[in-house]
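To keep things clear, I will list the structure first and then write my remarks on it.
The structure displayed is predicted, hence computed values, not measured ones. First the proteins, then the strands, lettered A, B, ... as listed; each starts at 1.
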Protein chains: 2
Amino acid sequence: MPYDPSAFPPFAVTVDLVVLTVRRHALCALAVRRGEPPYQGRWALPGGFVRGDEDLSTAAARELAEETGLHAHDPAGPLLPNAAHLEQLATYGDPKRDPRMRVVSVAHLALAPDLPAPRAGGDARSARWAPVEDLLDQEVGYAREDELAAPLAFDHARILADGVERARSKIEYSSLATAFCPQEFTVGELRRVYEAVWGVALDPRNFHRKVTGTPGFLVPTGGTTTRQGGRPAQLFRAGGATLLNPPMLRPEA
Amino acid sequence: MPYDPSAFPPFAVTVDLVVLTVRRHALCALAVRRGEPPYQGRWALPGGFVRGDEDLSTAAARELAEETGLHAHDPAGPLLPNAAHLEQLATYGDPKRDPRMRVVSVAHLALAPDLPAPRAGGDARSARWAPVEDLLDQEVGYAREDELAAPLAFDHARILADGVERARSKIEYSSLATAFCPQEFTVGELRRVYEAVWGVALDPRNFHRKVTGTPGFLVPTGGTTTRQGGRPAQLFRAGGATLLNPPMLRPEA
DNA sequence: CTGTTTATCGTCAGGCAGACGACTATGATC
DNA sequence: GATCATAGTCGTCTGCCTGACGATAAACAG
């Protein structure tokens, strides 16, 4: 079959972002309020069109910077203070997912440390961090008093759920949980990340043994802190290791 | 920013397939020879344009059927004789990946049992199974005598490498290795799948203990076979379990 | 000074994996 | 038919890792 430009239909390609962070012991996602139809006034994931000369990862990094001020962490580059982990998640292309036209969305997953406040950028009237349970537990037809009564726009609930599941499984066998922490952190803070993402309680003693005993996971910086109260804790930075072998086991229940 | 149809550039969206199987103790991928420019005469992954009313997974299943005669295995449906596992892999959208125009390709990964012969379908002059090492070890500028001298077209070497890595890691913690086997198979045949995909030798006794001791992984059919020579082996079908916990450990070296 | 909180070190038992010996049941070869 | 090669299956042993949990350490609040 020879090449024929009329043989394929045109698509719009967007990137949508699942930006996760841990705030007040809860896994939270960044949501923006839609300022125009369709789904006007509803919450949605941040995102936007891919430009004509842009790679997908570039577009995702640009949207991330526009919405949060974070820049994407280059795996090969140096550790930067305000950097987030960014990776491709999955692509969603149901013909009816956007009522306006045929849109294929390449969703990306970003993991960021706790930030002061989201900044509303681009086409969003407002932006906020919301616990993922609040964003996902929106039953259709279940009216609530607060502003989160409606479920997420488009298929964003599905995308968010996929991103959360990716994060939950990925911290099992990689050192990615450190992406939720500031540059220097304690073992207890890292443990609270796992507890928030998985929604379970972990034994502090076994957790401490596991993470300090895994070579390359944590590097002590020499300092200590008492910002959590109690006995001062050692400060660590993320080590060079990316894969955890053996993995951190997620409890059954 | 109000909706403006001219605010985004049009893209072509394709699906590309990494179809893997195990033949003669080697992990092989399906490659088709390109019949037109660009990369005319070079080997490439099978794929094609997504139609205007088609979901991405539907397009991938259609291409898979066109190229191999296999249909995609419905995870919720019954076990079918000629079904392959199909899942989305990743999306590739470098602005220069196709010299003709802006193309975003949603790559999918398919795992299939050994088939009699590939059938050339659609726009491919010919199709063949090739060991993944042969397809990936094509150094640029390294001229060889045979027809595989040139590396894969477009960014397909990268896509194939990503698909192989996905398959290698996924058989660790899921029961997906059975997707490479016929409906009924022996423990030894399943072990040879792992050995081919990972490129290692596994201890037959420990492997047997592991797979028969994992609940839901294998169900005995009652029959035996001696098609591998030696003592007759029990035949099994894939059980209902999809996740292996604890996982099958891939040897270090 | 006492209680509370968090961090950190130790101990012990059970589960699982790697190494490997032993035995079984076929077909091939002498 | 005896022997051998091949593959499958069952057991044993040892070491590592995890989960459960006791104990100690170092801060702060009253």
Side-chain angles (χ1 to χ4, degrees), chain A residues 24-25 171-173 181 184-196 198 200-236 241 243-253, chain B residues 24-25 171-173 177 181 184-196 198 200-237 241 243-253:
Chain A
R24 278 176 275 128
H25 295 196
I171 65 173
E172 282 190 84
Y173 58 89
C181 294
E184 295 202 346
F185 54 89
T186 68
V187 172
E189 290 166 350
L190 184 63
R191 175 169 49 84
R192 279 181 278 275
V193 164
Y194 275 92
E195 291 177 333
W198 285 344
V200 298
L202 300 176
D203 185 292
R205 297 155 293 189
N206 293 335
F207 183 86
H208 189 278
R209 177 183 61 193
K210 173 69 177 172
V211 296
T212 57
T214 299
F217 194 2
L218 300 181
V219 209
T221 66
T224 62
T225 183
T226 132
R227 57 176 173 247
Q228 298 291 334
R231 172 178 167 179
Q234 281 187 79
L235 284 170
F236 294 88
L243 255 55
L244 294 186
N245 210 323
M248 176 88 57
L249 293 179
R250 173 158 36 164
E252 305 287 319
Chain B
R24 280 173 275 128
H25 295 196
I171 64 172
E172 283 190 85
Y173 58 88
C181 294
E184 294 202 347
F185 54 90
T186 69
V187 172
E189 290 165 349
L190 183 63
R191 175 170 48 82
R192 280 180 279 275
V193 165
Y194 275 91
E195 291 178 332
W198 285 344
V200 298
L202 299 175
D203 185 291
R205 297 157 291 188
N206 292 336
F207 184 87
H208 189 276
R209 178 183 60 190
K210 174 69 177 173
V211 297
T212 57
T214 299
F217 195 1
L218 301 180
V219 274
T221 66
T224 61
T225 183
T226 141
R227 57 175 173 250
Q228 298 291 336
R231 171 177 167 180
Q234 281 187 77
L235 285 169
F236 294 89
R237 277 183 295 108
L243 254 55
L244 255 41
N245 211 320
M248 176 87 58
L249 293 179
R250 172 161 33 165
E252 305 287 318

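In this structure, A:Lys210 reaches the D:dT18 phosphate: one of its side-chain N or O atoms is under 4.0 Å from OP1 or OP2. The shortest distance between the side-chain N/O atoms of B:His208 and the OP1/OP2 oxygens of D:dG8 is not below 4.0 Å.
Heavy atoms only, all atoms of each residue included: A:Leu244 and A:Ile171 are closest at CD1-O, 4.4 Å. Taking all atoms of both residues into account, the shortest heavy-atom contact from B:Glu184 to B:Glu189 is O-OE1, 4.3 Å. When every heavy atom of B:Pro215 is checked against every heavy atom of B:Ala241, the shortest pair comes out as O-CB, 3.9 Å.
Put simply, CD on B:Gln234 is 17 Å from P on C:dT24, counting in whole angstrom units. Taking atom CE of B:Met248 as the reference point, atom C1' of C:dG18 lies 14 Å away to the nearest angstrom. When the P atom of D:dA26 is taken as reference, atom CG of A:Leu235 falls 17 Å away, rounded to whole Å. Look at CG on A:Asp203: it is 12 Å from C1' on C:dA7, rounded to the nearest Å. The CG-C1' distance, from A:Asn245 to D:dT18, rounds to 15 Å in whole Å. Remark: C1' of D:dG15 and CG of B:Asn206 are 14 Å apart, rounded to the nearest angstrom.
A:Arg227 comes within 4.0 angstrom of nothing in the nucleic acid, heavy atoms only. As judged by a 4.0 angstrom heavy-atom cut-off over every strand, A:Arg191 is placed among residues touching the sugar-phosphate backbone only.
The side chain of A:Arg209 lies closest to D:dT18, out of D:dC13, C:dG10, D:dT18. For A:Leu249, whose side chain is taken as the heavy atoms from C-beta onward, the closest listed nucleotide among D:dG19, D:dA23, C:dG18 is D:dG19. If you check D:dG8, C:dG18, C:dC16 against the side chain of B:Thr186, the one that comes closest is D:dG8.
Applying the side chain to side chain contact (heavy atoms under 4.5 Å, CB included) test between B:Phe236 and each of B:Val187, B:Val219, B:Thr221 identifies B:Val187 as the sole match.
More than 12 heavy atoms of other residues, nucleotides or ligands shown are found within 6.0 angstrom of CZ on B:Arg227.
For B:Arg205 against C:dG21, a side-chain N or O and a base N or O form a donor-acceptor pair under 3.5 Å.
We find the NZ-CG distance between A:Lys210 and A:Asp203 to be 14.0 Å, quoted to the nearest 0.5 Å.
Remark on DNA chain C: of its neighbouring residues A:Gln228 and B:Arg250, the 5'-side contact belongs to A:Gln228, judged by nearest-heavy-atom nucleotide.
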Quick one, give me the B/S/- string for nucleotides 25-30 of chain C, reading 5' to 3', where B means a protein heavy atom under 4.0 Å from the base and S means that only happens at the primed atoms, P, OP1 or OP2.
BB----
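A:Glu195 contributes a side-chain N or O that, together with a main-chain N or O of A:Leu202, makes up a donor-acceptor pair within less than 3.5 Å.
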